[in-house]
Amino acid sequence: MAVSSTISSNPMSFKHGLSLWCPQSSPSLHRTLQSSSSSIGFKTFLRNHVVAASSSSSSFANENREYVIVGGGNAAGYAARSFVEHGMADGRLCIVTKEAYAPYERPALTKGYLFPLDKKPARLPMLYEDPVTGIDIEKQTATTISGKLLKYGTLIVATGCTATRFPEKIGGNLPGVHYIRDVADADSLISSLEKAHKLVVVGGGYIGMEVAAAAVGWKLDTTIIFPENHLLQRLFTPSLAQKYEEFYQENGVKFIKGASIKNLEAGSDGRVASIKLENGSTIEADTVIIGIGAKPAVSPFERLGLNNSVGGIQVDGQFRTGIPGIFAIGDVAAFPLKMYNRMARVEHVDHARRSAQHCVKSLLTAHTSSYDYLPSFYSRVFEYEGSPRKIWWQFFGDNGNFDPKIATFWIDSGKLKGVLLESGSPEEFQLLPELAKSQPFVDKSKLQSASSVEEALEIARTSLQAAV
């Protein structure tokens, strides 16, 4: 479901003063982004709930707003919702976004949103575009691409990330080459998938795994190319990655590992036709999806102070930048990761939600505690109608047989640092954050000799109880 439902599950919220600043609405979107996380249970957000409340460009002259949120993704939506919950939807709040839609949950773009329409179709509400291109810190004003000037009292930067792109000179902008970061990207990709025969996914991370799994639902000849030795190398162990790779291969997906791409080549019609690797080999493709990471969208906000080690805008434990009255949340924020005593920038929907809520609560109340975030990651693949197996997993912490479930434990000097569990029960998933927080000492040999995932989790649970 769309995050927009979270800020207007009562449609009167907009009418009471929450403004979405964009020039026009797009009539082309007919799919619903459904949340891929079960942690939120908001009702589907229908377009007719917001049409009467939406604001066109003509209704926005240069004006003042006490609170301005720049960006239209997860963090922006949850920040707006938090303002509304604190009674601030009374004309003082405004969202300024480049997209044509209300805030929504981006993780669904590479999950359910890409499924064929006969396999769990989705729908999304529609709203508007006018990104901020610069701010004047001294005058406390933000300027949009259409030239409008908005004076703010408090500015919250929630611009998220942009997809890392291949250079144009090696074919990165050829027709048929796709990047996926927003709804427009996803719609363009779906249009190509409807006509595609040979799909190549570049990148073996979350995007690559999720897009390739969706492509199986389209019954496409699918190949994943990446330079690492195995899938999701930053998180998966080799043995765990092998299990996933075997399942993908059973569903017809091919892998080319340890490969570097020289360039993308066009056919006679100007569309991408193949990928040439550095070793001289060529892979045919009529559709290519590039999923090689993202970078924080900070260009209009460099004066706020950037973190050179993790990227993003430097903030404190309450998401305050070095400039009074300006905050940064979500993917774009470089914040103190209190639990592990280091600076971090997290690209995850859960952090987008929690950072937005913490920031607004600190801003509007006497709440002064620092943000204390437990890193977590998840993925859901092969969940389309008719899939032979639907897979989901969760990981909490610092970074045999595939059926019925898998658990992987990260151990450093005898201490349990992280746990990944696939297809666990709700009770087992509840154990994971407790293990990651407490970091108990565990007997590695006992874990290795466990005959089942259940037994291994019980060993970890016993270690946790002994540490209390």
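Taking OH of Tyr179 as the start and CD1 of Ile207 as the end, the distance is 13.5 Å to the nearest 0.5 Å. For the atom pair CG of Leu199 and OG1 of Thr287, the computed distance is 6.0 Å after rounding to the nearest 0.5 Å. Atom CG in Leu420 sits 8.5 Å away from atom CD1 in Ile406 (nearest 0.5 Å). Interatomic distance, Ile275 CD1 to Thr223 OG1, rounded to the nearest 0.5 Å: 8.5 Å.
When atom types are taken as modelled, the side chain of Tyr340 and the backbone of Gly397 share no donor-acceptor pair closer than 3.5 angstrom. Put simply, the side chain of Asp182 gets close to the backbone of Asp185: a donor and an acceptor are under 3.5 Å apart. With hydrogens and angles ignored, the 3.5 Å screen pairs no side-chain donor or acceptor of Thr365 with any backbone N or O of Ser362. At least one donor-acceptor pair under 3.5 Å links the side chain of Arg345 to the backbone N or O of Asp331. Distance alone, capped at 3.5 Å, is enough to place a donor-acceptor pair between the Gln318 side chain and the Thr368 backbone. Listed for the Ser387 side chain is no donor-acceptor partner under 3.5 Å among the backbone atoms of Glu383. Not a single donor-acceptor pair under 3.5 Å links the side chain of Thr159 to the backbone N or O of Val157. Of the possible donor and acceptor atoms, one in the side chain of Lys151 sits under 3.5 Å from a partner among the backbone N and O of Lys139.
The two residues Ala79 and Ile69 have their closest heavy-atom pair at CB-CD1, 3.9 Å.
Among residues at least two apart or in separate chains, ring pair (Phe, Tyr, Trp, His ring centres under 6.0 Å) pairs with a member in residues 342-372 are Phe319-Tyr371, Phe335-His351, Phe335-Tyr371, His348-Phe377, His348-Tyr378, His351-Tyr371, His351-Tyr373, His358-His367, His358-Tyr371, Tyr371-Tyr373. Applying the salt bridge (Lys or Arg N to Asp or Glu O under 4.0 Å) test to pairs two or more places apart or on separate chains, none has a residue in residues 162-174.
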Below 3.5 Å, can you tabulate the donor-acceptor pairs from side chains in residues 225-236 to any protein atom, sequence neighbours excluded?
residue	atom	partner	partner atom	Å
Gln233	OE1	Asn229	N	2.9

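Evaluation of the side-chain hydrogen bond (donor to acceptor under 3.5 Å, both in side chains) rule for Gln140 yields no partner, not counting sequence neighbours. Taking Gln242 as the reference, Glu246 meet the side-chain hydrogen bond (donor to acceptor under 3.5 Å, both in side chains) condition, with sequence neighbours excluded. Under the ring pair (Phe, Tyr, Trp, His ring centres under 6.0 Å) criterion, Tyr248 pairs with Phe382, not counting sequence neighbours. Partners of Ser192 under the side-chain hydrogen bond (donor to acceptor under 3.5 Å, both in side chains) rule, at least two apart in sequence or in another chain, are His178. Annotation: side-chain hydrogen bond (donor to acceptor under 3.5 Å, both in side chains) contacts of Ser370 (sequence neighbours excluded): none. Partners of Glu278 by side chain to side chain contact (heavy atoms under 4.5 Å, CB included), not counting sequence neighbours, listed by chain and number: Ser260, Lys262. By the side chain to side chain contact (heavy atoms under 4.5 Å, CB included) test, Asn307 is found to be paired with Ser309, Val310, Gln314, Ala334, Met343, residues two or more places apart in sequence or in another chain being considered. Under the rule for a side chain to side chain contact (heavy atoms under 4.5 Å, CB included), the partners of Leu306 that lie at least two apart in sequence or sit in another chain are Val298, Glu302, Ile313. Judged as a side chain to side chain contact (heavy atoms under 4.5 Å, CB included), and not counting sequence neighbours, the contacts of Ile145 are Asp130, Pro131, Thr133.
With a 4.5 Å cut-off on side-chain heavy atoms, Arg181 and Cys161 count as touching. When side chains are defined from C-beta on, Tyr67 does not count as touching Val360, because their heavy atoms never get closer than 4.5 Å. Contact of the Phe301 side chain with the Ile135 side chain is registered, since non-hydrogen atoms from C-beta on lie closer than 4.5 Å. With a 4.5 Å cut-off on side-chain heavy atoms, Tyr384 and Val216 count as touching. The closest side-chain heavy-atom distance from Ile290 to Val177 is below 4.5 Å. Using a 4.5 Å cut-off on side-chain heavy atoms (C-beta onward), Val96 and Tyr152 make no contact. A heavy-atom distance below 4.5 Å is found between the side chains of Leu304 and Ile137. Between Trp218 and Ile190, the closest side-chain pair of non-hydrogen atoms falls below 4.5 Å.
Heavy-atom contacts from other residues, nucleotides or ligands closer than 6.0 Å to NZ of Lys417 number more than 12.
No donor-acceptor contact under 3.5 angstrom links the side chains of Ser376 and Gln394, judged on distance only.
Salt-bridge check for Glu245 with Lys257: passed, with a basic side-chain N closer than 4.0 Å to an acidic carboxylate O.
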